[in-house]
Amino acid sequence: MKYISRSLEKVVLEVTNEYPVVLVTGPRQVGKTTMLQKLMEGTDRGYVSLDDLNERALAKNDPEMFLQIHKPPVLIDEVQYAPELFTYIKIYADKYHEPGAFWLTGSQIFKLMKGVQESLAGRVAVLSMNALSQAEIDGADESPFVVDYEKLSQRKAGRAELDTPAVFERIFRGSMPAIISGKNSNRQIFYSSYLSTYIERDVRELSDSIDSLKFFRFITAVAARCSCMLNVADIAQDAEITQAQAKSWLQILETLGIIFYLHPYSNNMLKRLVKTPKLYFYDTGLVCYLTKWSNAEILESGAMNGAVFENYVVSEITKSYLNSGIEPYMYYYRDKDAKEIDIVLEHDGILNPIEIKKSSNPGFELTRVLGVLDKGGVPRRSGAIVCMKPSLGAIDRNNYIVPVWMI
């Protein structure tokens, strides 16, 4: 099976020289361990997985002895299973000040992982890893997506130019390494076993009272609402569970790195704004599996094509930041008059609005709504329309047309 190089590799090597602890978090089977084991080749770093129940028991019951047996430098896989280790890792880090002593992986998102922030604050570099990005699939250099014509032009290098059917084929297949590398050629079987593994192992770890069939119905209801404003009541009704259960289970999906939210952009000068986040999946292949599309061609002409396309673009732009070790400041805009901007990127005290359209010929009218940000007191700079047009262009000097294969 061919190894696919990951954009995060260079970031891992950089922070290994600066921090005693490097923590890579993200969903199962996105390639965290594979990447770190590749980087370990030819070094004296040891490896231990807390998926091994004997090792997990030792780490939980006698963390001091565990670290005597598994001496740094060491990679500890699935560290969320033994938060008892964090205090002892902190003691070691404070005593020896050894850069890169611990590499850790966790299948839970860092900010929601119990115990890490309190124990390892200031000692840990936290990196987020997800399924493969477009750039990684194409073998191209990856950098954060910014709305700058010169930098957008540079993104063309090494990218595969895709027409609309090819884009939807990529959306439909998803971006899990096992599928892209050819290890699992049958995506139906892959996603079916992926979900059952998740529900039986990780979901039960976070909530042992979960009914598997109800949870599957719930995650299907969530997938049907990708790219939509969160409506807990509707999800609960479809899944035949209570709203309290739906809220709790949504938090589980977020903790496990399956879904994420774009929160609405707001500041004190923009009063009439909605406060509800929009919901997205990191992997569109999982969305397509759950919502039962049988192939990319039917998806492209189906009722969910716009929503899944938007989910893909938002997810890819998010990955471009996370793969560079940067937290994206991404929002969406919607006011009480239903004026909406799909993405608002905020950086360096400016705003870049981005519209997403499944069109190959976007018109000037799409840029009219972008002006609503001018009332907010924060300077608005260039905007972009991400669409199916085959090449980079411009609507006017302030608004660019960006083909989806370039994000």
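One is the number of the first residue; the rest follow in order along the sequence. Scope of the values below: all heavy atoms of this structure, side chains included, with no hydrogens, waters or symmetry mates.
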**Prompt:** Is the closest basic N to carboxylate O distance between Asp77 and Lys32 below 4.0 Å?
**Reply:** no

**Request:** Could you tell me whether the side chain of Tyr47 reaches within less than 4.5 Å of the side chain of Thr33, counting heavy atoms only?
**Result:** yes

**Message:** Please tell me whether Thr16 and Trp103 have a donor and an acceptor in their side chains that are separated by less than 3.5 angstrom.
**Reply:** yes

**Request:** Verify whether the ring centers belonging to Tyr96 and Tyr92 lie closer than 6.0 Å.
**Result:** yes

**Prompt:** How far does CG of Leu104 sit from CD1 of Ile89, to the nearest 0.5 angstrom?
**Reply:** 5.0 Å

**Message:** Main chain of Asp374, side chain of Arg380: is a donor-acceptor contact present, judged purely on distance under 3.5 Å?
**Reply:** no

**Asked** Under 3.5 Å, is there a donor-acceptor pair between the side chain of Thr255 and the main chain of Gln251?
**Response** yes

**Message:** Are more than 12 heavy atoms, taken from residues, nucleotides or ligands other than Tyr261, located less than 6.0 Å from that residue's OH atom?
**Reply:** yes

**Asked** Angle class for the Tyr194/Phe190 ring planes (parallel below 30°, perpendicular above 60°, tilted otherwise)?
**Response** parallel

**Request:** Determine, stepwise, if the pair Phe260 / Tyr280 fulfils ring-ring contact (aromatic ring centres under 6.0 Å, His included).
**Result:** CA-CA 5 Å; Phe260 66 102; Tyr280 297 92; 5.8 Å; yes

**Prompt:** So with a 6.0 Å cut-off around CG of Asp141, is the heavy-atom count from everything else above 12?
**Reply:** no

**Item:** Distance-only donor-acceptor check, side chains Thr284 and Asn311, under 3.5 Å
**Value:** no

**Message:** Using a strict threshold of under 4.0 Å (side-chain N to carboxylate O), is an ion pair present between Lys357 and Glu355?
**Reply:** yes

**Message:** Working note: Ser133 + Glu142, criterion side chain to side chain donor-acceptor pair (under 3.5 Å); need CA distance, chi angles, decisive distance, verdict.
**Reply:** CA-CA 9 Å; Ser133 65; Glu142 188 157 28; 3.0 Å; yes

**Item:** Within 6.0 angstrom of Glu98 CD, more than 12 heavy atoms from elsewhere
**Value:** yes

**Asked** Under 3.5 Å, is there a donor-acceptor pair between the side chain of Asn323 and the main chain of Ser7?
**Response** no

**Asked** Charged N to carboxylate O under 4.0 angstrom, Asp51 versus Arg201?
**Response** yes

**Message:** I'd like to check Ile407 versus Val386 (side-chain heavy atoms, cut-off strictly below 4.5 Å). Are they in contact?
**Reply:** yes

**Request:** Go through Arg381 and Asp148 one step at a time and tell me if the salt bridge (Lys or Arg N to Asp or Glu O under 4.0 Å) criterion holds.
**Result:** CA-CA 9 Å; Arg381 294 289 185 263; Asp148 174 280; over 6 Å; no

**Asked** Could Lys319 and Glu136 be called an ion pair, given the rule that one side-chain N must be under 4.0 Å from one carboxylate O?
**Response** no

**Close side-chain approach of Arg170 and Trp405, heavy atoms under 4.5 Å** = no

**Message:** Contact between Met229 and Pro277 at the side-chain level, heavy atoms closer than 4.5 Å - yes or no?
**Reply:** no

**Request:** Report yes if some heavy atom in the side chain of Leu279 is under 4.5 Å from a heavy atom in the side chain of Leu250; otherwise report no.
**Result:** yes

**Request:** Using the ring of Tyr81 (Phe, Tyr or Trp, six-membered ring only), decide whether Lys60 places NZ or CZ under 6.0 Å from its centre and within 45 degrees of its axis.
**Result:** no

**Message:** Centroid separation under 6.0 Å, is that true for the rings of Phe172 and Trp293?
**Reply:** no

**Glu9, CD: over 12 other non-hydrogen atoms inside 6.0 angstrom** = yes

**Asked** In terms of side-chain heavy atoms, does Asn305 have a donor or acceptor partner in Glu300 at a distance below 3.5 Å?
**Response** no

**Request:** Return yes if some donor-acceptor pair links the side-chain N/O of Ser324 with the main-chain N/O of Ser320 below 3.5 Å, else return no.
**Result:** yes

**Asked** Does the distance from a Lys or Arg side-chain N to an Asp or Glu carboxylate O, for Glu340 and Lys278, drop under 4.0 Å?
**Response** yes

**Asked** Should the pair Glu240-Arg217 be classified as a salt bridge under the 4.0 Å nitrogen-to-oxygen rule?
**Response** yes

**Fill in**
Rounded to the nearest 0.5 angstrom, the SG-CD1 distance for Cys288 and Ile298 is 11.5 Å

**Request:** Compare all side-chain heavy atoms of Leu345 with those of Tyr331 and state whether any distance is below 4.5 angstrom.
**Result:** no

**Request:** Indicate whether any N or O donor in one side chain lies under 3.5 Å from an N or O acceptor in the other, for Ser212 and Arg204.
**Result:** yes

**Request:** Ignoring hydrogens and angles, tell me if any N or O in the side chain of Arg173 forms a donor-acceptor pair with the backbone of Ile179 under 3.5 Å.
**Result:** yes

**Prompt:** Below 4.5 Å, heavy atoms only, C-beta onward: do Tyr282 and Thr318 meet side chain to side chain?
**Reply:** yes

**Prompt:** Hey, does the side chain of Ser207 reach the backbone of Ile210 with a donor-acceptor pair shorter than 3.5 angstrom?
**Reply:** no

**Item:** Leu85 side, atom CG; Leu67 side, atom CG - distance, nearest 0.5 Å
**Value:** 5.5 Å

**Item:** From Ile219 atom CD1 to Ile235 atom CD1, the distance as rounded to the nearest 0.5 Å
**Value:** 11.0 Å

**Asked** Between Tyr312 and Phe309, does the ring centre distance come in under 6.0 Å?
**Response** no

**Item:** Stepwise side chain to side chain donor-acceptor pair (under 3.5 Å) test for Tyr333 and Asp335
**Value:** CA-CA 7 Å; Tyr333 175 96; Asp335 61 25; 3.1 Å; yes

**Whether Arg155 side chain and Ser143 backbone form a donor-acceptor pair below 3.5 Å** = yes

**Asked** So, Glu84 side chain and Asn61 main chain: donor-acceptor pair closer than 3.5 Å or not?
**Response** no

**Asked** Under 3.5 Å, is there a donor-acceptor pair between the Glu78 and Ser49 side chains?
**Response** no

**Item:** Modelled atom types, side-chain donor and acceptor of Ser382 and Asn398, under 3.5 Å
**Value:** no

**Request:** Give a yes or no on whether the backbone of Leu13 and the side-chain of Asn17 come within a donor-acceptor separation of less than 3.5 Å.
**Result:** yes

**Request:** Would you mind reporting whether Leu36 and Val24 have side-chain heavy atoms less than 4.5 Å apart?
**Result:** yes

**Asked** Under 3.5 Å, is there a donor-acceptor pair between the side chain of Ser227 and the main chain of Ala307?
**Response** yes

**Prompt:** Parallel, tilted or perpendicular: which describes the rings of Tyr191 and Tyr289, with under 30° parallel and over 60° perpendicular?
**Reply:** parallel

**Request:** Could I get the full list of side-chain contact (heavy atoms from CB on, under 4.5 Å) partners for Ala160, not counting sequence neighbours?
**Result:** Asp138, Leu162

